[in-house]
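First up is the structure itself, then whatever we jot down about it.
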Protein chains: 2
Amino acid sequence: MLTYGGDMTATDPGSGRRRTGDETRAAILTAARERFAADGYERATIRSIAADAGIDPAMVMRYYGNKEKLFAAAAEFDLRLPDFSALPRDQLGSKLVEHFLTRWEDDDTLMALLRAGVTNEAAAERLRQLFAGQLGPAIGKLTGGGPDTAIRAGLVATQTLGLALCRYVLAVGPIAEMPRATVIAWLGPTVQRYLTDPDPT
Amino acid sequence: MLTYGGDMTATDPGSGRRRTGDETRAAILTAARERFAADGYERATIRSIAADAGIDPAMVMRYYGNKEKLFAAAAEFDLRLPDFSALPRDQLGSKLVEHFLTRWEDDDTLMALLRAGVTNEAAAERLRQLFAGQLGPAIGKLTGGGPDTAIRAGLVATQTLGLALCRYVLAVGPIAEMPRATVIAWLGPTVQRYLTDPDPT
DNA sequence: ACCATAGGTCAACACCTGTTGACCTCCAAG
DNA sequence: CTTGGAGGTCAACAGGTGTTGACCTATGGT
């Protein structure tokens, strides 16, 4: 009998079969991502995550050791950046903004990283690594990899994270309701400038 | 005797005088802003705030009722926007970015609002009100107050909050270390465009 | 038929949280 | 000198947290 009756979003096995360890691990990870994304690091409790996964809190500890390690596992994320060099140079900004919007909307992980990263150092470090370790190199490839690459990646971060913050986290009315195409039309040129314009100083 | 020996940042009265109620209220408010700014809403505890103020946690309740009301009091904030209409139209963006940087650096309140707003609805609402109720009207004054005013305010929010997030909260290396002037040079034109360019769609 | 084992539950721990109410203590006004 | 109130402390509450270890139970291989 299940006594932890939160919203049961766990994937139960098809027949009356018992759950595999890997299935449980996956169910926990999904539930963890959702809770961390919705509540942030401290308000997402092991108990609520376990309830969502349809198991006992002790199972979470069995599989992931502790809350910190659970978050580390749940916050694994790949930006899946497309190959920029195959794109027309003047569309880089728009395509990047579009890609970010998509990536944000079909995966809870970024939301979890942002909600947690504001008060949790490990999450903040992950977020930094996303831009320094994934976006940075991609930008370097098309600008020649100069020393300003990290700066450009950082600038793109300010605009894209700011967008996500206003649109998905704070739900600032006009930004949250803005159609995708309008967002891209407004922010595309900004990101384009950060990527390709010469240093203004 | 003081048994709550955290870092005592409280303003003690000059002589051996006893503290006034108002002095204590102020000490609590200052400590609260610092803690909320440093730790976010849930990790900033009444106990730690009281310790910083050099008093018993019960005093915090006496003066502010509960944690929620304490935050509401600590999160009171005025952007103190300058009179834009007195500025050259093409410097609006730069001046606004500069003003935000200053406002952010000499007052903990914005940091508290951002750190808390990500997981606390009341704080999020405050943040929305900042842009809708203070920045919005200021923009309306110089663009004629059209229906796109709220949208422009929102766009400015995405860039400025994104900057604050990366520079002050996440401490993204290249952004945190960037000199003020460089930040203004890069972001000024972006904000300028959001303020004065025609809708690109 | 047996039983090791993977999957899972349960009850408790030590600690921390916001919050409360009883109590103490100084000091100025009557 | 008394007294009353403002400023402050203390101990406890009820509930929630991460985490632990003992225990149960189905099931597939021998």
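A note on names: the letters A, B, ... follow the listed sequences, proteins ahead of strands, and every chain is numbered from 1. Given the structure is predicted, the values throughout are model-derived calculations rather than measurements.
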N/O-N/O pairs, protein side and nucleotides 13-18 of chain C side, under 3.5 Å:
| unit_1 | atom_1 | unit_2 | atom_2 | d |
| --- | --- | --- | --- | --- |
| dG18(C) | OP1 | Ile46(B) | N | 3.4 |
| dG18(C) | OP1 | Lys67(B) | NZ | 3.0 |
| dG18(C) | OP2 | Ile46(B) | N | 3.1 |
| dG18(C) | N7 | Arg47(B) | NH1 | 2.6 |
| dG18(C) | O6 | Arg47(B) | NH2 | 3.0 |

Which nucleotide in the list dT20(C), dT19(D), dT9(C) gets nearest to the side chain of Pro57(A)?
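So the side chain of Pro57(A) is nearest to dT19(D).
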Given pairs defined as Watson-Crick or G-U wobble with both distances under 3.5 Å, what dot-bracket annotation applies to DNA chain D, with ( ) intrastrand, [ ] crossing, | other strand and . unpaired?
||||||||||||||||||||||||||||||
Find the distance [X]:[atom1] to [N]:[atom2] and express it as a whole number of Å.
{"X": "Asp56(A)", "N": "dA12(C)", "atom1": "CG", "atom2": "P", "value": "14 Å"}
{"X": "Met59(B)", "N": "dT9(D)", "atom1": "CE", "atom2": "C1'", "value": "9 Å"}
{"X": "Ile49(A)", "N": "dG18(D)", "atom1": "CD1", "atom2": "P", "value": "8 Å"}
{"X": "Arg19(B)", "N": "dC26(C)", "atom1": "CZ", "atom2": "C1'", "value": "15 Å"}
{"X": "Arg62(B)", "N": "dG5(D)", "atom1": "CZ", "atom2": "P", "value": "14 Å"}
{"X": "Tyr64(B)", "N": "dG7(D)", "atom1": "OH", "atom2": "P", "value": "13 Å"}

Give a yes/no answer on whether the side chain of Thr20(A) brings an N or O atom under 4.0 Å of OP1 or OP2 in dA6(C).
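Answer no for this pair, as no side-chain N or O of Thr20(A) is under 4.0 Å from OP1 or OP2.
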Report, as yes or no, whether the 6.0 Å neighbourhood of atom CD on Glu125(B) holds more than 12 heavy atoms from other residues, nucleotides or ligands.
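Yes, the 6.0 Å shell around CD holds more than 12 heavy atoms from other groups.
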Determine, step by step, whether Gln134(B) and Phe77(B) satisfy the side-chain contact (heavy atoms from CB on, under 4.5 Å) criterion, reporting the C-alpha distance in whole Å, the side-chain angles of both residues, the deciding distance to 0.1 Å, and the verdict.
CA-CA 10 Å; Gln134(B) 295 188 38; Phe77(B) 187 73; 5.6 Å; no
Under a 3.5 Å threshold, yes or no: a donor from one side chain and an acceptor from the other, between Asp107(B) and Thr109(B)?
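Yes, Thr109(B) and Asp107(B) have a side-chain donor paired with an acceptor closer than 3.5 Å.
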Under 4.0 Å between a Lys/Arg side-chain N and an Asp/Glu carboxylate O for Glu76(B) and Arg33(B)?
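Not counted as a salt bridge, because no side-chain N and carboxylate O are separated by less than 4.0 Å.
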Whether Arg128(A) and Glu121(A) form a salt bridge (side-chain N of Lys/Arg under 4.0 Å from carboxylate O of Asp/Glu) is what I want to check.
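Salt bridge: yes.
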Candidate pair Leu155(A) and Ile175(B), rule side-chain contact (heavy atoms from CB on, under 4.5 Å), full reasoning:
CA-CA 7 Å; Leu155(A) 288 165; Ile175(B) 301 300; 4.3 Å; yes
Want to settle it: does Asp22(B) or Ala58(B) sit nearer the 5' end of DNA chain D, counting the closest nucleotide to each?
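The answer here is Asp22(B).
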Report the C-alpha distance between Thr45(A) and Arg35(A) in whole Å, list the side-chain angles of each, state the deciding distance to 0.1 Å, and finish with yes or no for side chain to side chain donor-acceptor pair (under 3.5 Å).
CA-CA 8 Å; Thr45(A) 67; Arg35(A) 283 286 176 176; over 6 Å; no
Interatomic distance, Tyr168(A) atom OH to Leu110(A) atom CG [nearest 0.5 angstrom]:
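Reported to 0.5 Å precision, the distance equals 10.0 Å.
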Show your reasoning for whether side chain to side chain donor-acceptor pair (under 3.5 Å) applies to Asp199(B) and Thr201(B).
CA-CA 6 Å; Asp199(B) 188 321; Thr201(B) 59; 2.7 Å; yes
